[in-house]
Each structure stands twice: as structure tokens, then as C-alpha cells.
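See structure below.
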Number of protein chains: 2
Amino acid sequence: MTVNGKPTINDVARIAKVSKKTVSRVINKSPLLSEKTRVQVEQVIADIGYVPNPQARALALRRNFIIAAIHDNPNAQFLVNVQQGILEGIAGTEFGLMVEPVDRNSPTIVDDIRGFLERQRPYGVVFLPPISENDELASLCDSLGTKYVRMVSRELDKPEHIVMSNDREAVYGAVKHLIAMGHEKIGFIEGPDSLSPAERRAGYEQAMEEAGLPVHDWMIAKGRYTFESGVEAGLALIDGEARPTAIFASNDEMAIGAVIAARRRGIEIPRGLSIIGFDDTPLSSHIWPSLTTVRWPIVEMAKAAATKIIGGEEADPNLGVKLSSTLMERDSVVPPSRV
Amino acid sequence: MTVNGKPTINDVARIAKVSKKTVSRVINKSPLLSEKTRVQVEQVIADIGYVPNPQARALALRRNFIIAAIHDNPNAQFLVNVQQGILEGIAGTEFGLMVEPVDRNSPTIVDDIRGFLERQRPYGVVFLPPISENDELASLCDSLGTKYVRMVSRELDKPEHIVMSNDREAVYGAVKHLIAMGHEKIGFIEGPDSLSPAERRAGYEQAMEEAGLPVHDWMIAKGRYTFESGVEAGLALIDGEARPTAIFASNDEMAIGAVIAARRRGIEIPRGLSIIGFDDTPLSSHIWPSLTTVRWPIVEMAKAAATKIIGGEEADPNLGVKLSSTLMERDSVVPPSRV
DNA sequence: TTGTAGGCGTTATCAC
DNA sequence: GTGATAACGCCTACAA
């Protein structure tokens with residue numbers, strides 16, 4: 001009772017003595033089906049090892065069983081973590097993961113992505129920060145009927161379209177931690193212009209204000225999330241009007257840059273300067289001194305994003321909407337030395 | 001003369017007053033076509049902005065216009081570099097990139113990958129090390145008619161199926177560099193069991209032998225390519241029978257682990273111990289002291305792999321078969337101090 | 001609850 | 001060279 005080649009829906013139908021459509025209903029778990037027929041057809045499917053052909057389904061349904069991660073060149077660890085999360089979310093399903101890089105500064109970015117979506121027709125897409133903040137791309141997906149989830153740090157879309165981390169609270173907590181240790185002059189290295197860095201800065205300012213500590217211009221330096229910009233920013237803060245006793249950097253790479261900057265100025269970490277980063281990249285625990293940092297739930301966010309996309313209506317729209325970052329205390333923070 | 005919805009091959013055929021098949025021939029650049037018809041059809045295609053539907057092609061051709069990177073959890077930077085290379089290779093084409101992780105130790109790995117290939121039917125796949133060394137997977141692709149390219153460090157397949165780096169030569173050169181500086185007791189931190197680490201070790205042994213330097217057991221420590229294993233291996237070498245004056249680590253993560261190990265023993269880098277890594281991860285230039293390391297042409301290899309896959313017969317089978325690694329000299333290497 | 005006919009958009013076969 | 005016609009394998013109407 002074998003079939004030659006890979007079995008198709010026709011083989012199943014023929015052997016089970018039902019129509020193609022009935023088999024199709026079984027595959028798609030249609031509710032209007034007699035239990036008897038379903039069991040019978042499922043038996044045949046199992047017997048001959050039938051697996052629906054995704055290409056055919058894609059043609060008929062006008063969408064591929066693929067989730068695409070659309071990103072604008074974030075750092076490697078972040079990207080891989082997102083990929084891992086999405087893969088966890090689609091594990092055991094027929095879905096696959098595609099990766100599509102885009103250039104945020106391209107004037108044709110919307111058309112570029114439209115082209116990609118019309119070509120590959122992914123079932124859904126996950127937008128990574130910072131392009132996740134682009135509302136045009138969300139509208140584009142809507143108009144194309146493509147599901148999407150945006151990884152963000154503020155509620156800039158409906159719950160079903162976002163997964164969110166509480167960057168502001170996390171930084172607020174981290175800075176409070178520094179304050180509790182006795183630090184008062186706390187420098188802040190800001191990330192590039194977009195929402196997530198702004199949230200982080202807001203958390204910093206909130207903690208400072210609450211403690212009645214002034215935030216001067218020279219206590220804030222801007223970086224680009226890169227190591228090099230962290231060095232520059234670190235030097236700017238150290239050489240500024242009054243040397244801070246602690247620095248919060250908006251990501252680990254810049255924090256490590258600040259570590260190097262301190263070393264260049266002959267400052268010992270953490271005794272001469274406490275530093276906190278953000279991301280909890282593997283790197284942060286590999287350097288010396290190991291870096292106290294905020295752990296960002298990237299994998300969980302990405303997994304939630306994938307789950308929301310393939311879950312359809314049944315999925316909890318609030319899944320992953322409020323994931324928490326937590327402070328990982330390591331060796332780069334101590335109370336300020338009384339000089 | 002517009003069409004409603006997205007134009008299809010039928011619209012083109014109707015407007016150009018030719019058959020579908022002729023349009024198909026134009027798209028696929030069939031040689032047996034009158035110049036006149038081609039130009040005419042191409043004009044219509046341009047006019048109405050027709051773009052072939054990949055899903056339909058996928059169904060008819062039984063393969064998707066996708067390249068899959070199949071990997072077994074290599075480190076983040078490596079994976080992202082490979083992805084970047086593949087994306088560079090397919091830029092401007094209709095191809096997309098999929099990512100498929102597998103578990104090297106799974107007893108069902110071949111079936112897992114078979115399932116993936118039969119489901120997504122990628123046009124071709126790129127196998128990353130170390131699973132690129134698995135011949136079964138190559139046979140699997142052959143039997144399925146899936147193109148494949150393996151990223152390897154030794155010629156274990158036909159040229160058209162590999163892209164290769166000269167790990168052995170690169171390490172040989174790096175160790176010779178240490179020897180030229182006057183080092184004689186040179187420790188080696190080996191990678192986990194697979195071909196590429198073996199090649200690297202071979203390069204080390206070759207350089208030592210040529211210089212008439214003995215290679216004792218206690219000069220070699222085994223790691224797992226992780227930071228932690230680098231720390232352990234570093235400690236083992238330092239605490240061994242005779243402390244080396246230089247260490248070559250088979251990747252950057254372990255090299256950085258060795259840096260930390262040295263620090264734990266109160267040894268100053270590079271004065272007390274020179275260290276060379278392998279990979280040239282961004283990290284290596286961000287730590288202090290910056291790490292002398294071997295730059296591995298990962299992006300180039302991956303790009304060549306993608307080019308070979310989509311290039312078909314016309315592609316040079318030897319493309320990317322002999323890409324060179326080069327030594328990046330930074331601050332972690334100095335001549336041994338005469339104590 | 002189940003089946004029939006037709007469509008999704010392309011390529012392959014084989015005549016002309 | 002070119003064009004009917006039939007795959008490719010599934011799904012959606014609509015009918016029964």
C-alpha cells in the first residue's frame with residue numbers, strides 16, 4: 001500500500017477513500033468533521049508518512065510558513081539571542097526562520113521591506129529595535145496582511161503587536177542601587193537617538209531626581225552603542241567638570257569602553273570608579289573586573305514574539321508585553337572611596 | 001492597460017500577445033527565443049511591473065529561493081559573520097536567508113535535517129563548522145538534490161562543495177611569530193575534537209618542530225572554545241611543569257580566558273606572558289591589552305559559499321577554496337622577559 | 001459532514 | 001521559435 005515518491009494529499013485521499021478536501025480539513029483541524037473520519041484519515045497519514053507540502057500551501061494561502069527577523073544591524077549577540085528566541089518559539093512547528101537586514105537610513109527602506117514581504121511572503125515578521133520604532137513599517141505590514149510583532153521599550157502599538165521590556169524601570173533600579181551604595185556623582189552614557197536609549201535615560205534621571213541629586217550636563221555623554229564611543233564618552237565624563245564616582249552605560253559595549261577609558265586615566269575599577277552596563281552580554285562576565293549589568297530578557301521577548309505570531313487569535317495578546325530586566329550584580333560596583 | 005492586483009505571468013502574456021510559456025522563457029533567459037520577442041516581452045514586464053511569484057516557482061521547481069545556514073550553535077559573532085557573508089553573496093538577487101540550528105549530538109540529526117530540507121526545500125545550504133565535517137549530511141544533500149557548501153579547514157570534499165581557510169598555515173605563522181620574538185616555551189590551548197582545531201594544532205606543532213623546540217604534554221591544554229574552558233586551560237598551562245612565556249589559544253574566547261587566568265596568578269600581560277588568539281572577534285581589540293590574534297576570513301568564506309550555490313555551473317568551483325587568515329598584531333605579544 | 005470544480009502562478013512536455 | 005495543455009500540491013467556494 002505504498003506510494004511512489006513523496007506521498008501527497010491525493011495519495012492520502014485515495015487510500016483513505018475520501019476526498020482531498022476532507023484530508024485538507026483533517027490537516028487544518030477543521031471543526032466540522034466527524035470524529036470517525038478524522039481518526040481514519042489520521043491513521044492513513046501516519047501510515048504512509050504524509051507531510052503536507054509547504055510550497056503548495058504557500059501558493060494557495062499566499063504566505064510562507066516562515067517568520068522573518070527584520071533588523072538594522074544590531075550587535076551580534078543581540079541578533080543571535082533574538083534568533084534563538086524565535087527558534088525556541090517555533091520549535092516543533094513547521095515554521096522556519098529567515099533573517100533580513102535592512103538599512104535604517106536608506107530612503108527606500110519601506111519599499112525595500114515591501115519588496116521583501118511581497119517576495120518571500122513570510123507568515124509574520126519580528127522587527128528588532130531600533131527599526132521596530134518605525135510606524136510606517138507597521139502600517140506596511142497591515143496593508144499587506146502580514147502579521148508583525150515589534151520589540152520595543154514603550155507601548156507604541158497594540159499589545160498584540162509588541163513585546164516589551166521595562167528598560168526605564170531597570171535603569172531606575174540600577175541607578176538606585178548605585179545611590180544606595182553612597183554614590184552621588186553618577187555619570188550616564190546615553191545610547192544613540194531612539195526610544196530605548198531615551199527610556200534608559202529617563203530611568204536614570206528619575207532615580208537621580210528622587211534622590212535629590214542634581215543632573216548636570218557634564219554628567220551625561222552620548223555614545224553610539226559601540227565600544228569606541230564608550231571609550232570616548234568615558235573619557236569625556238572622567239575629564240569633565242567633576243569626576244563621577246560611578247557611571248551607568250546604556251549598553252555593555254560602551255560600559256567596557258568606559259572601563260578602558262578609566263584605565264587610560266590610571267583609574268582602578270571598581271575602587272576608583274564603579275561601572276554598570278546594560279545587556280548582560282556573555283562578555284560582561286568575562287572581562288576583569290566582571291561587569292555589573294542589567295540583564296535584558298531578549299531571548300524571552302523574541303520567543304514571545306514568535307509565539308504571538310504563530311499563535312494567532314488564541315494567543316494571549318499580552319504575552320511578553322511586560323518582561324522584566326534584572327540587575328546582575330558582579331564586581332564592577334563598590335561604594336565610593338572616601339578620598 | 002493596467003491589471004488589477006499584482007500582475008502575473010498571464011497578464012504579461014495577454015498584453016504582450018504571447019503565451020505564458022514564452023514569458024516564462026524570457027524570465028528564465030532561455031537561449032531559444034527570438035531577440036524580437038524577448039525585447040517585446042521585457043518591455044511589457046517593465047511596463048506593468050511584473051515580478052514572478054516565488055511561491056509558484058517553488059511549487060513548480062520543487063525548491064525555494066532560499067539559502068539555509070545550518071549550524072550547531074557556534075558562537076554568536078561567528079554565526080553573525082557567516083550570515084553577513086551569505087547575505088552579501090545573495091544581495092541583489094531574489095534569494096533569502098534561513099537559519100536552521102541543529103544539535104550535533106542528536107542521534108536523529110540526519111533525519112532532523114532531512115525533515116528540514118524536505119519541508120523548506122532550500123535552493124542550497126551552507127554547513128558551518130563543526131557539523132560541516134559530517135559526510136553523512138553531504139550525502140543527504142546529494143540524495144535530495146540540494147546544493148550544499150561546507151565551511152571547512154581541510155579538503156574533505158570536491159572543490160565546488162567547500163570553502164576553506166588555511167587554519168594550519170595561519171597558526172604556523174602565528175607561532176613562528178612568537179618564536180621569532182624569542183619565545184621557546186610556547187603553550188597551546190587546543191579546541192574541542194574536530195578537524196579545524198586539529199589543523200590548528202598541527203600548525204603549532206609544525207612551527208615548533210621546525211624551530212627544534214620540544215612539545216611536551218604539559219605545554220598543551222584542551223579547551224571547549226568557551227571562555228571558561230580558556231580560564232581552566234590557562235591555569236593548567238601556567239601551573240604546569242614549566243610556565244610558558246607565550247600561549248597560543250585556538251580561539252579568542254579561550255585566549256581571553258587565558259588572560260584572566262594569568263591575572264589570577266598575578267601575571268602581567270604581555271610582559272609576563274604573551275598571548276595570541278584566533279578569530280579576530282571585535283572583542284579582541286576591545287580588551288586590555290588588546291589581543292594579537294589571527295583574523296579568520298569568515299565573511300569572505302560565507303560570501304563565497306553563497307556565490308557558489310547560486311552561481312550554478314558557471315561559478316568557479318575553486319572560489320573561496322583557499323582563503324587566507326592573517327595575523328593581526330596588537331598588544332598582547334612582546335618578546336619574553338629575561339628573568 | 002462531505003465532495004466537486006476551480007484557482008493559486010509558475011514550469012515541463014510535446015506538439016506545431 | 002512558439003504555444004496548448006498538463007502538472008506542481010494545496011485551499012476556497014459552492015454544492016450536495
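In the text below, chain A, chain B and the rest are named by the order of the sequence lines, each starting its count at 1. Note that the coordinates shown come from a computational prediction; the quantities given were computed from them, not determined experimentally.
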| field | Closest heavy-atom pair and its distance - Glu88(B), Lys303(B) | value | OE1-CD, 3.6 Å
| request: Please work out if Pro52(B) contacts a base, only the sugar-phosphate, or nothing of the nucleic acid, heavy-atom cut-off 4.0 Å. | output: sugar-phosphate
| note | Ala56(B) has its side chain closest, among dG9(C), dG3(C), dT13(C), to dG9(C)
| Pair Glu133(A) + Arg104(A): basic N to acidic O under 4.0 Å | no
| Is any side-chain N or O of Lys20(B) under 3.5 Å from a base N or O of dT10(C), one able to act as donor and the other as acceptor? | yes
| query | Any idea which of dC11(D), dG9(D), dT1(C) is nearest the Thr37(A) side chain? | reply | dT1(C)
| Side chain of Ser24(A) - closest among dT11(C), dC11(D), dG3(C) | dC11(D)
| request: Can you figure out which of dC10(D), dT2(D), dA12(C) approaches the side chain of Leu61(B) most closely? | output: dA12(C)
Protein-nucleic acid N or O pairs under 3.5 Å, nucleotides 14-16 of chain D:
none

| message | Ring of Tyr123(A), cation from Arg63(A) - is the NZ or CZ under 6.0 Å from the centre and inside 45° of the axis? | response | yes
| request: Could you tell me how the ring of His161(B) sits relative to the ring of Tyr148(B): parallel (under 30°), tilted (30 to 60°) or perpendicular (over 60°)? | output: parallel
| request: Measure the distance from NZ on Lys17(A) to P on dT2(C) and round it to the nearest whole Å. | output: 16 Å
| query | Between Ser106(A) and Thr108(A), does a side chain to side chain donor-acceptor pair (under 3.5 Å) hold up when you go through it step by step? | reply | CA-CA 5 Å; Ser106(A) 162; Thr108(A) 59; 2.9 Å; yes
| task | Assign each of Leu59(B) and Leu33(B) to its nearest nucleotide of DNA chain D by heavy atoms, then name whichever residue's nucleotide is nearer the 5' end. | result | Leu33(B)
| task | Choose from dA13(D), dG9(C), dT13(C) the nucleotide whose nearest atom is closest to any side-chain atom of Arg62(A). | result | dG9(C)
| query | Taking CZ from Arg14(A) and P from dG9(D), how many angstroms apart are they, rounded to a whole number? | reply | 13 Å
| query | For the side chain of Ala60(B), counting heavy atoms from C-beta on, which of dG1(D), dT12(D), dC8(D) is nearest? | reply | dC8(D)
